[in-house]
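Report on one structure; see the data block that follows.
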Amino acid sequence: MTDLPMFPLGSVLFPYMPLQLRVFEERYLVMLSRILVNEPAEFGVVLIERGQEVGGGEQRFPLGTVAQVTELEATEEGFIGLVAQGDRRIEVVEWMPEDPHPRAVVRELDTLAWDDSLLPLLGRAERTVRSTLALASEFTDQAWAANVELSDDPVARAWQLAGIAPLGTLDQVTLLRSSTTEALLGSIIELTVAAGESLRASWPEEPLDLEEPLDPEG
């Protein structure tokens, strides 16, 4: 277990996924000044369960991911642009007094193992995620394109599929809890299929042509 600076967010960070932040709160600027003396510079990310990112006082999920800083850029607007990469998963054992940023005693969760027998399941998960992303893009703008490139490493690819799947944060927390690669891939398929079905159900089969006036007589 180790004492780790923490950055609660309104989003879930997965291993092998990028994170972009605009850092402007004084407490997190202090955090950056402290962690940048280390190599790699890293902090923990957990999802906010209730509350807001700015100001403190939020309730937080105990499961998260270590983020390793890869880029920093100071801006004329007065904030620091930060790019980080999700690394290993962590579980919060105890929240410590803020100093001035959040801190926690955490333990690392086991990394997921790979077996080549899972290749068909990985392929099915990828097809499911990419096709559902293509469907979702017809409704709203998506953070990830359906043809986004992924890692050649199968475990990294599985986590990246979890990260790009068009799911809500609670479903993402479920994926982050996965104890095996097989369980992760199975959950990706199940949750993404459900998300796709929800999208289809919410879209009328024959949408009204709003450019044509409606006939009040039916």
What are the two closest heavy atoms between V66 and I90, and how far apart are they? CG2-CG2, 3.6 Å

Taking M6 as the starting point, is it possible to reach F61 by hopping between hydrophobic residues whose side chains are less than 4.5 Å apart? no

Could you give the distance from CG (L47) to CG (L170), rounded to the nearest 0.5 Å? 7.5 Å

I'd like to know whether CZ of R124 has more than 12 heavy-atom contacts from other residues, nucleotides or ligands below 6.0 angstrom. no

Sub-4.5 Å side-chain heavy-atom contact between R103 and P97: yes

Heavy-atom closest pair (L133 atom, I164 atom, distance to 0.1 Å) is CD2-O, 3.4 Å

Would D153 and S151 count as having a side-chain donor-acceptor pair, cut-off 3.5 Å? no

Identify the two heavy atoms, one from L135 and one from G196, that lie closest to each other, and give their separation to 0.1 Å. CD2-O, 3.8 Å

Kindly work out whether a path of hydrophobic side-chain contacts (I/L/V/M/F/W/Y, heavy atoms less than 4.5 Å apart) joins I35 to V83. no

Quick one: does any side-chain atom of R89 pair with a main-chain N or O of D110 as donor and acceptor, under 3.5 Å? yes

Going by heavy atoms in the side chains, are P102 and R27 under 4.5 Å from each other? yes

Just by distance, with hydrogens left out, do T192 and E190 show a side-chain donor and acceptor under 3.5 Å apart? no

Tell me the closest heavy-atom pair linking A104 and V92, and the distance in Å. CB-CG1, 3.9 Å

Here the pair of heavy atoms bringing T65 nearest to G86 is CG2-CA, 4.0 Å

Decide whether Y16 and L82 are clustered together by the hydrophobic rule: side chain heavy atoms of Ile, Leu, Val, Met, Phe, Trp, Tyr closer than 4.5 Å, transitively. yes

Any donor-acceptor pair under 3.5 Å linking the side chain of R130 with the backbone of A146? yes

Decide if atom CZ of R22 counts as having more than 12 heavy atoms of other residues, nucleotides or ligands within a radius under 6.0 Å. no

Side chains of L176 and Q172: closer than 4.5 Å at any heavy-atom pair? no

Looking only at heavy atoms, which two atoms of S11 and V45 are closest? And how far apart? O-CG1, 4.5 Å

Is the number of heavy atoms from other residues, nucleotides or ligands under 6.0 Å of E42 CD greater than 12? yes

What I'd like to find out is whether the side chain of L109 reaches to under 4.5 Å of the side chain of R107, using heavy atoms alone. yes

Quick check: is V23 connected to L36 through a chain of hydrophobic side chains (ILVMFWY, heavy atoms under 4.5 Å apart)? yes

Members sharing V37's hydrophobic cluster, built from side-chain contacts under 4.5 Å between Ile, Leu, Val, Met, Phe, Trp and Tyr, are none

More than 12 foreign heavy atoms under 6.0 Å from CG of D152: is that the case here? no

Got T140 and Q142 here, is their nearest side-chain heavy-atom distance under 4.5 Å? yes

Roughly how far, to the nearest 0.5 Å, is the CD1 atom of I48 from the OG1 atom of T169? 10.5 Å

Is there a side-chain contact between V155 and L184, using heavy atoms and a 4.5 Å cut-off? no

Do the side chains of V148 and L175 join up, straight or via other hydrophobic residues, at under 4.5 Å, putting them in one cluster? yes

If you count heavy atoms of other groups shown closer than 6.0 angstrom to CD of E77, is the number above 12? yes

Please report the C-alpha distance between E91 and R177 in whole Å, then the side-chain angles of each, then the deciding distance to 0.1 Å, and finally whether the side chain to side chain contact (heavy atoms under 4.5 Å, CB included) criterion is met. CA-CA 10 Å; E91 181 179 31; R177 288 195 180 103; over 6 Å; no

Compare all side-chain heavy atoms of W159 with those of I188 and state whether any distance is below 4.5 angstrom. no

Relative to each other, are the rings of F43 and F7 parallel, tilted or perpendicular (30° and 60° limits)? tilted

